[in-house]
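Hydrogens, waters and symmetry mates are skipped; everything else that's a heavy atom, side chains included, is used. Each chain gets a letter, A, B and so on, in the order its sequence line appears, and its residues count up from 1.
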2 protein chains.
Amino acid sequence: MTDRAGTFDGVHRRNLSKVLGLVHLEGPRSRARLTAATGLNRSTVATLVAELVEAGLVIEQPPDPTNRVGRPSPVVAADPSVLAIAVNPEVDAVTIAAVGLHGAIPVRERIEVDVLPTPEAIAELTAATIDRWRAGQLQGARIVGVGLAVPGLVRAADGLVRWAPHLEWSDAPLRALVEAATGLPVAVGNDASLGAHAEHLFGAGRGVDDLVYLNGGASGIGGGLIVHGRLVGGTGGYAGEFGQNRPGFAEPGDRRAGADGVLEDEVSRARLLDVVGLTHVDEPTLAAALAESDDPAAADELARQRRVLAATLANAVNALNPSLVVLGGFLATVAESDLDDLARAVEAQTLAAAFEGVEIRVAALGGDRLMIGAAEAALAPLLADPLAAR
Amino acid sequence: MTDRAGTFDGVHRRNLSKVLGLVHLEGPRSRARLTAATGLNRSTVATLVAELVEAGLVIEQPPDPTNRVGRPSPVVAADPSVLAIAVNPEVDAVTIAAVGLHGAIPVRERIEVDVLPTPEAIAELTAATIDRWRAGQLQGARIVGVGLAVPGLVRAADGLVRWAPHLEWSDAPLRALVEAATGLPVAVGNDASLGAHAEHLFGAGRGVDDLVYLNGGASGIGGGLIVHGRLVGGTGGYAGEFGQNRPGFAEPGDRRAGADGVLEDEVSRARLLDVVGLTHVDEPTLAAALAESDDPAAADELARQRRVLAATLANAVNALNPSLVVLGGFLATVAESDLDDLARAVEAQTLAAAFEGVEIRVAALGGDRLMIGAAEAALAPLLADPLAAR
DNA sequence: GGTATTTGTTGCGCTTGACCCCAAATCTGA
DNA sequence: TCAGATTTGGGGTCAAGCGCAACAAATACC
């Protein structure tokens with residue numbers, strides 16, 4: 001057990017991690033503000049920042065012209081050349097992006113594919129794209145790792161994709177493949193879990209320590225939990241599969257559409273598309289079509305899905321007493337069709353006290369969510385121990 | 001912000017806490033084993049232990065006669081005179097016990113009451129009992145705090161009992177009342193949550209970092225979650241109220257008994273008592289009566305409750321991917337009526353991967369569970385910072 | 001009874017963050 | 001325009017805590 005936690009070295013590392021984490025999460029900050037935020041001594045922060053500059057992880061900029069008394073404090077920012085590569089393989093396309101330690105996304109490509117991508121193809125595509133970028137847009141960049149957001153079950157221990165039904169992968173050793181192809185450290189995670197992480201750090205769940213995130217995709221419903229400010233993985237890393245839950249129905253009006261009763265069969269994008277007679281449209285188009293539709297069946301189906309969603313959320317709220325529920329993907333459309341109604345339905349099925357502090361919001365990060373989440377997973381080792389991963 | 005986390009003092013405190021926590025949780029241990037467990041240096045552990053001895057929290061005993069080569073190492077044990085008081089108010093009785101830092105329960109009393117106890121009565125009863133014990137059995141003891149396990153919703157921030165339906169309390173400032181009456185630091189928690197904590201630390205969930213605990217009481221079903229090795233409180237501290245969840249029914253055979261569909265209406269001790277025609281018996285008697293009954297209605301009701309319980313557990317397993325599910329109270333009776341059937345029913349309603357590592361067990365601590373959980377809550381500040389709370 | 005092994009003990013040195021004092025940079029007000 | 005106030009960085013010093021190494025003690029094995 002090389003758990004150097006209780007030692008001096010451990011303190012130093014944790015402090016480095018804390019400072020780097022602050023500039024990463026909160027953006028550029030003056031040294032004075034870092035001192036205040038960390039509770040450390042000025043001189044300590046000075047040496048920590050110097051060390052991070054030395055390691056090429058942060059840069060110090062001339063002080064901002066702040067209209068305040070006193071000596072201006074230099075601004076510490078994440079070094080823009082430090083990048084992680086984020087990859088999101090989907091059925092019809094693979095999205096690859098470079099995400100900076102400072103949060104920006106300098107390059108992003110969506111590569112359409114004709115056939116279902118294999119894990120091997122993803123590894124090769126990722127490696128080729130990185131090589132191309134390194135020769136072009138990302139010259140001089142320092143790529144610290146690759147993060148992949150996969151629509152399927154990912155074993156946390158070794159980045160094995162146990163089952164990705166839509167990609168038709170099973171037991172694919174994705175992490176090993178991409179590591180071999182790129183020579184970089186690789187993190188693999190479930191897309192919805194990484195989305196939850198991203199919303200927690202930079203989106204609608206910013207600063208919230210206990211939240212439930214549910215995302216509605218074309219294929220089904222996934223989710224993620226933040227408890228005590230940390231993403232919940234569970235034993236194998238499969239936590240968050242709310243789509244497979246069976247919500248209970250409180251009132252006769254809460255009716256089933258199908259036979260099975262699993263959430264993602266009841267609350268589904270396909271049913272919404274059906275009811276307005278569309279196929280293959282993006283989310284805003286679907287939302288607009290639903291909003292403009294005069295067909296009572298459309299409003300009815302939205303209401304039905306809201307109530308089933310509410311039952312699931314109520315179960316989660318009773319069990320976890322979060323302070324926030326975040327809904328992404330088409331669940332945002334369902335929720336926004338009548339946010340008050342959804343909240344009331346959840347409230348009706350929860351203990352009063354448990355619902356008290358709960359807010360229901362839609363996700364904030366949009367299309368960058370998975371890129372940010374995947375990059376965050378790739379950056380995690382660096383942030384946890386800035387000097388070890390140099 | 002007096003967050004001394006990144007400082008030397010913080011390291012020292014954390015190390016003290018780690019050592020004290022080890023002898024508390026794992027029992028008496030040689031200094032050699034403590035050094036191995038903490039990863040610290042021999043000399044460091046020596047000074048830490050000396051400091052804890054000085055503070056009167058641990059004692060050093062002559063080495064155990066171990067048949068191994070080398071110099072024998074003195075055994076470090078929790079000081080038996082350090083105690084916490086645990087209190088569990090119920091409808092018909094109040095249980096009070098003194099629980100040692102070393103885990104033993106030197107005194108325990110169950111005080112029957114004729115009328116529903118009020119919060120004020122609990123405070124006075126607790127203070128009077130402590131005084132009596134201090135003059136008698138607990139002479140020379142050092143009582144570091146009081147922990148109360150309450151069958152109701154407890155606001156974590158201030159120990160306010162928001163709602164305890166069976167005691168008919170609402171918004172009772174229990175922590176303040178007991179603190180005023182005893183002059184001791186007081187912790188208040190939900191009984192089921194504290195039970196989950198106890199099972200996690202000393203019972204069926206020992207060493208398991210992710211578990212779901214459900215307890216069936218006379219009045220309803222409560223629960224608690226351990227995630228990342230920590231008890232989940234949620235924002236307000238109300239997490240774990242699985243009894244109010246509405247499980248979904250997967251098959252036509254999974255049928256409702258009542259109208260509402262809340263778990264604790266469907267899966268209830270009263271229904272089990274009904275079916276064997278008993279009232280007011282203890283758990284072993286009920287379990288025996290159910291096992292011996294020839295009435296097919298009894299087996300049927302047990303099977304029905306198992307399936308509803310399975311649906312709830314399946315939802316929890318999908319969402320949290322725990323490695324263990326612990327069932328206490330009459331839920332243990334329901335589960336043990338056919339543990340395999342329960343496990344199969346859960347498996348049928350979960351994702352294969354999420355269920356993979358899941359084990360279902362019954363609780364292990366029996367009647368001491370709530371006393372241990374409440375005492376643990378009272379001891380928490382001492383364990384977290386051994387020298388601050390002297 | 002000698003040797004190997006394990007562990008407590010002691011003293012030293014290194015690392016690290018706190019503290020102090022001074023210098024620098026800016027605002028304020030006369 | 002200039003002095004005072006205010007805030008912050010920088011360098012030196014200090015103290016605290018842990019690791020390390022050498023030595024001593026206690027046990028088992030041969």
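- With rounding to whole Å, B/L40 atom CG is found 16 Å from C/dT7 atom C1'.
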Audit row: B/H228, A/H228, side-chain contact (heavy atoms from CB on, under 4.5 Å) steps and yes/no:
CA-CA 9 Å; B/H228 295 141; A/H228 295 143; over 6 Å; no
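- Checking the phosphate oxygens (OP1, OP2) of C/dT9, a side-chain nitrogen or oxygen of B/R31 falls inside 4.0 Å.
- Remark on DNA chain D: of its neighbouring residues B/T44 and A/V69, the 5'-side contact belongs to A/V69, judged by nearest-heavy-atom nucleotide.
- If you take OG1 on A/T47 and CG on A/N15, they are separated by 9.0 Å, rounding to the nearest 0.5 Å.
- Applying the 4.0 Å criterion to OP1 and OP2 of C/dG17, one finds that A/H12 has a side-chain N or O inside that range.
- Surrounding CZ of B/R68 are at most 12 heavy atoms belonging to other residues, nucleotides or ligands under 6.0 Å away.
- A donor-acceptor contact closer than 3.5 angstrom links the side chains of B/H24 and B/E376.
- Following rounding to the nearest Å, B/R68 (CZ) and C/dG8 (P) show an atom-to-atom distance of 11 Å.
- The distance between atom CG of B/L48 and atom C1' of D/dG19, rounded to the nearest whole Å, is 13 Å.
- For the pair A/N15 and C/dT16, the criterion of a side-chain N or O lying under 4.0 Å from OP1 or OP2 is not met.
- Both B/A32 and B/N41 sit near DNA chain C, but only B/A32 has its closest nucleotide nearer the 5' end.
- The distance from atom CZ of A/R14 to atom C1' of C/dT15 is 16 Å, rounded to the nearest whole Å.
- In this structure the side chain of B/F202 reaches within 4.5 angstrom of the side chain of B/L25, judged on heavy atoms.
- As a whole-Å value, the separation of B/L16 CG from D/dC18 C1' is 13 Å.
- Within 4.0 Å (heavy atoms only), B/P74 reaches sugar-phosphate atoms of the nucleic acid but no base atom.
- Nucleic acid contact class of A/S43 (heavy atoms, under 4.0 Å, all strands): base.
- Look at CG on A/L34: it is 9 Å from P on D/dG9, rounded to the nearest Å.
- One interatomic measurement links the two molecules: CD of A/E51 to C1' of C/dT15, which rounds to 11 Å at whole-angstrom precision.
- The CZ-P distance, from B/R42 to D/dG17, rounds to 21 Å in whole Å.
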